[in-house]
Structures are given as structure tokens and as C-alpha cells.
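To keep things clear, I will list the structure first and then write my remarks on it.
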2 protein chains.
Amino acid sequence: MALKHTILAFLSRQPLSGYDVAKEFAEGFGSCFWKASQQQVYAELTKLEQQGSVTYEAIPQPGRLDKKIYSITDQGQQELLDWLTQPCEPAAIREDLGVMGLAGHLVSSQVVIREIERRRQLHVEMVQHVKKLDEHFSQHLDSLDLKDLYMHLVIRRGIRYQEEWVAWCDEALQAIGQTVKR
Amino acid sequence: MALKHTILAFLSRQPLSGYDVAKEFAEGFGSCFWKASQQQVYAELTKLEQQGSVTYEAIPQPGRLDKKIYSITDQGQQELLDWLTQPCEPAAIREDLGVMGLAGHLVSSQVVIREIERRRQLHVEMVQHVKKLDEHFSQHLDSLDLKDLYMHLVIRRGIRYQEEWVAWCDEALQAIGQTVKR
DNA sequence: TTATTGTATTCAAAAACTTGAATACAATAA
DNA sequence: TTATTGTATTCAAGTTTTTGAATACAATAA
């Protein structure tokens, strides 16, 4: 699993609190590439700390629990490096909408069409959202260093993914429309 | 989770043994949309049978365990129907290669380039594989009934997904090449 | 001023998934 | 003839993920 390595990768860029990491998952990188719940993030950070891959500096906050700012350790960096230099396998798509296609004949085409239209809209919004993440990078494309170029390319993958969904929805809606008419 | 519903969807098309279902996951639908191990499939079928969503007919086989042919029950069909008529959320991508982008600056660009080239090749092969699954449908596109059209569209999603990966790899390789030269 | 949203962390149970192994025979390829 | 691949199922342990809840204060909007 790569939750460990994803968190280490975040921390390799800059120290972050658990809350910040969870936010990255919810809104930044995660919104197009990886999802993890807050609980998962906090649990993983605790484990990583126990194993020596990260450390934290506790920032006392009057009247509430300390805020913990986590940083990656040399050991953690090494682990990340080891993982990075191994080949990785493509992830399986696990998409409910795909399952629907297997059994779509059980419901009316109206239901299928409505669901695809709903999805199309969601992905249109995602394209907007992810493009916003990319703005900072795509504006200075010619002067990006490798670190930022990689980030840009990851986000580009997210944009293309979402755009691809929209395109498929269009293809599907058209094909279903034609077949229903026939 | 939709493993349950994916299996029910398979069985809504035709009765299958656990082995057959596992094979679908490994080679057919699953190879582009959903992965599940054999053990997972057998465990799920046992559970589904206990809950009354599927039944099986045991085919005695001399000298070894019975082969069980599972079919969906009315109850199972109803459950599948209920699930189908609910809106579903887009799946999160959980892609190791995306994480690499977050931390790619820690390794040499050679490593990144080699990994992307490797991935490109894998996806080129997947395009071939998934297109083969589609052959039967794409040849009679004008005369498909809705059931087969849906299957075709699901496979099309798989093809587009794999093609999109190839296209992204090309974009990434070009951009990295340019930046390294600079 | 009250409600909502955002910041920040923790606990616990249940469900799902992965990994590794064992059994057993048939058919096919080397 | 021997090895490999394919058919067919089951068990068990361990890890990961999901789901749901609880706590607590700050800032902002209605």
C-alpha cells in the first residue's frame, strides 16, 4: 500500500500537521489522485512516528491539544527513495459506474441516461477544480524546475482523467440515444 | 463496497462457477474495471449464498470437490436493482505513479523517465487486450441491443482509459525531456 | 447572537482486502 | 515422461480501509 509513501512524499516537500496532510488528500493532490480520511492520516502518522520515519514538533496551543508538525526523517526519506526506485503496477479502476454497465439492462434506459448525465456534470466540475490546482504551474511552464514540473504532470494526469470521463459520458449518451431510438 | 454488486451483476447475465467469476475479474471486465482475488470471490459467493442473494447447484465431480454453479435469486436481483437506481460516486484514483510525481525530485530524472516508459508499454499492451474484448461488440455496433451496448460502452471506457495513459506518458516524457535539456 | 464552517485530534468497531498456503486432477507442451 | 498451465475450491492470518462518533475552540456569516 502506498498511503505511507504518499504521506512521506508530502512531508518530503514540506513539514505539515496531520490536518494539513488530510486537507491535501481532500482538496489538493488527493482530489484527483488519492483519497484518505482524516482518521487514516492521523493513524498512519502515529505509526510512522513510532517507526521512526517521521518526527513531530509539538506546538502547544492554549486550551487544547498540541498541534503536531510532522517532518520526514532521514530514515523516512530512505524508505521513500527505496520505494520510488521500484517499478510500480497500474492501479485497478474500481468504478461503480462500470458495474452499472454490466447490469444496466435491468433498469430503464432513462435511469442509465440520468446517471451518466449526473456523472458528466460532476466531472465537468472536477476539471475546473483540478485546472485551478494547475494554474500556478501552467503559467510558468517554460521556467519550471523538475520538482514543479513533476507536480504539474501529476495534476495534468488528473485533468486528463476528468476530461476523459466527460468525453466518455458524451460518447455513451449519444450511443444510448441512438440505440433507444432504433 | 461493490464487490457484492459486481458479482451479482455477472450472475444477472448468466450462471457461473466461482472459478468463472474469478476469471472474469482477472481477464474480462476486471482486467479493465475491477479486480478481485479468487479468495475474495469465493468468500463473497459463500456469504451471498448464506444471505439468500444467490443459490448454487452442486455438480458432483468424481474424485474431487463439487463444482458449484451459482445463479442470482429474485432477492439478489432486487438488491442489485436497488443499488443500480441509487446515484454512485466517482471512484478515487489510487495510483502509485501519481505519488511518484510528488517525490520524483528525490530521484534522478533517468529513474522517472524509465518508469514512465515502462508504464507506457504496459498500457499499450492493455489497449490491445481490452480492444480484443470489444471486438465482438464493435463489429455489430449498429445492431447491438441495449444489454450488449452497455457492455460495449463499459469496455470502451476501459479502452479510453488505457489510451489516455499512453497519451499522458507521451506528454510527460516530452516535457521532462525538454526540461532536462534546459 | 446564533449558527455554520474551519482548524485540530483521537478512539473504536466493522468491513474489506491482501497474502500465502493447501488440495486435486486434467490437459497440453517440452 | 516430466513439467507446466488450467480448472476448481477452501482456509487462515494479517493489514487496510470504512464508518461513525466524540471533543474543542476560532472565526465568520446571517
Side-chain angles (χ1 to χ4, degrees), chain A residues 1-8 10 15-28 30 33-51 54 56-70 83 88-89 91-96 99, chain B residues 1-8 10 15-28 30 33-51 53-54 56-70 83 88-96 99:
Chain A
M1 79 109 188
L3 177 58
K4 168 180 172 175
H5 300 106
T6 311
I7 292 177
L8 288 178
F10 281 135
L16 295 167
S17 70
Y19 186 82
D20 293 331
V21 173
K23 214 166 96 178
E24 276 295 325
F25 276 111
E27 288 164 30
F33 259 99
W34 201 282
K35 297 244 182 235
S37 64
Q38 271 194 338
Q39 298 93 314
Q40 236 182 310
V41 169
Y42 283 113
E44 193 67 29
L45 280 170
T46 304
K47 213 167 79 181
L48 250 28
E49 196 270 326
Q50 279 163 9
Q51 291 169 354
V54 305
Y56 64 85
E57 192 196 349
I59 312 284
Q61 303 193 103
R64 63 162 111 170
L65 293 168
D66 290 354
K67 178 171 171 173
K68 297 177 184 170
I69 303 291
Y70 287 92
W83 181 77
C88 64
E89 290 313 301
I93 327 177
R94 297 203 151 184
E95 183 58 68
D96 286 352
V99 179
Chain B
M1 80 107 188
L3 176 58
K4 168 180 171 173
H5 300 106
T6 311
I7 293 177
L8 288 178
F10 281 135
L16 294 167
S17 70
Y19 186 82
D20 293 331
V21 173
K23 214 166 95 178
E24 277 296 324
F25 277 110
E27 289 165 30
F33 260 99
W34 202 282
K35 298 247 182 230
S37 64
Q38 270 195 339
Q39 298 93 315
Q40 234 182 314
V41 170
Y42 282 112
E44 193 66 29
L45 280 170
T46 303
K47 213 168 78 184
L48 250 27
E49 196 271 326
Q50 280 162 8
Q51 292 170 353
S53 310
V54 305
Y56 64 85
E57 192 195 351
I59 313 282
Q61 303 193 102
R64 63 161 113 171
L65 292 169
D66 290 355
K67 177 172 171 172
K68 297 177 184 171
I69 304 292
Y70 288 91
W83 181 78
C88 64
E89 289 314 300
I93 326 177
R94 296 204 152 184
E95 183 58 69
D96 287 352
V99 179

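Proteins get letters first, then strands, A, B, ... in listed order; numbering begins at 1 in each. Note that this is a predicted model, so its numbers are computed, not measured.
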Identify, with sequence neighbours excluded, every residue that meets side-chain contact (heavy atoms from CB on, under 4.5 Å) alongside Q39(A). S37(A)
Tell me the interatomic distance from F25(B), atom CZ, to dA16(C), atom P, rounded to whole angstroms. 13 Å
Please determine whether a side-chain nitrogen or oxygen atom of K23(B) lies at a distance below 4.0 Å from atom OP1 or OP2 of dG6(D). no
Residues forming a side-chain contact (heavy atoms from CB on, under 4.5 Å) with Y19(B), sequence neighbours excluded: S17(B), K23(B), Q38(B), Y42(B)
Integer-rounded Å distance: dC17(C) P and L3(A) CG: 17 Å
Dot-bracket line, read 5' to 3' along DNA chain D, where crossing pairs take [ ] and | marks a partner on another strand, Watson-Crick or G-U under 3.5 Å: ||||||||||||||||||||||||||||||
Can you tell me how far C1' of dA16(C) sits from CH2 of W34(B), to the nearest Å? 11 Å
Taking only residues two or more places apart in sequence or in another chain, which ones pass side chain to side chain donor-acceptor pair (under 3.5 Å) with S53(B)? E79(B)
With sequence neighbours left out, the residues meeting side-chain contact (heavy atoms from CB on, under 4.5 Å) with Q50(B) are T46(B)
Please tabulate the protein-to-nucleotide N/O contacts below 3.5 Å involving nucleotides 9-13 of chain D, giving atom names and distances.
residue, atom, partner, partner atom, Å
dT9(D), OP1, K68(B), N, 2.8
dT9(D), OP2, G18(B), N, 3.4
dT9(D), OP2, Y19(B), N, 2.8
dT9(D), OP2, Y42(B), OH, 2.8
dT9(D), O5', Y42(B), OH, 3.4
dT10(D), OP1, K68(B), NZ, 2.7

Applying side-chain contact (heavy atoms from CB on, under 4.5 Å) to A36(A) and not counting sequence neighbours gives L3(A), F25(A), Q40(A), V41(A)
Gap between atoms NZ and P, on K47(A) and dG14(D) respectively (whole Å): 14 Å
In whole angstrom, what separates E89(B)'s CD from dT17(D)'s P? 20 Å
Rounded interatomic separation in angstrom, taking CD from Q40(B) and P from dC17(C): 5 Å
With a 4.0 Å limit, can you tell me whether K35(A) has a side-chain N or O closer than that to the phosphate oxygens OP1/OP2 of dT18(D)? no
Is any side-chain heavy atom of K4(A) less than 4.5 Å from a side-chain heavy atom of L48(A)? yes
Length of the line joining I59(B):CD1 and dA8(D):P, which is rounded to integer Å: 11 Å
Can you measure from CD (E49(B)) to CD (E44(B)) and round to the nearest 0.5 angstrom? 12.5 Å
Out of curiosity, D20(B) CG to Y70(B) OH, how far, rounded to the nearest 0.5 Å? 12.0 Å
Reported CG-to-CZ distance for the pair L45(A) and F10(A), which is rounded to 0.5 angstrom: 11.0 Å
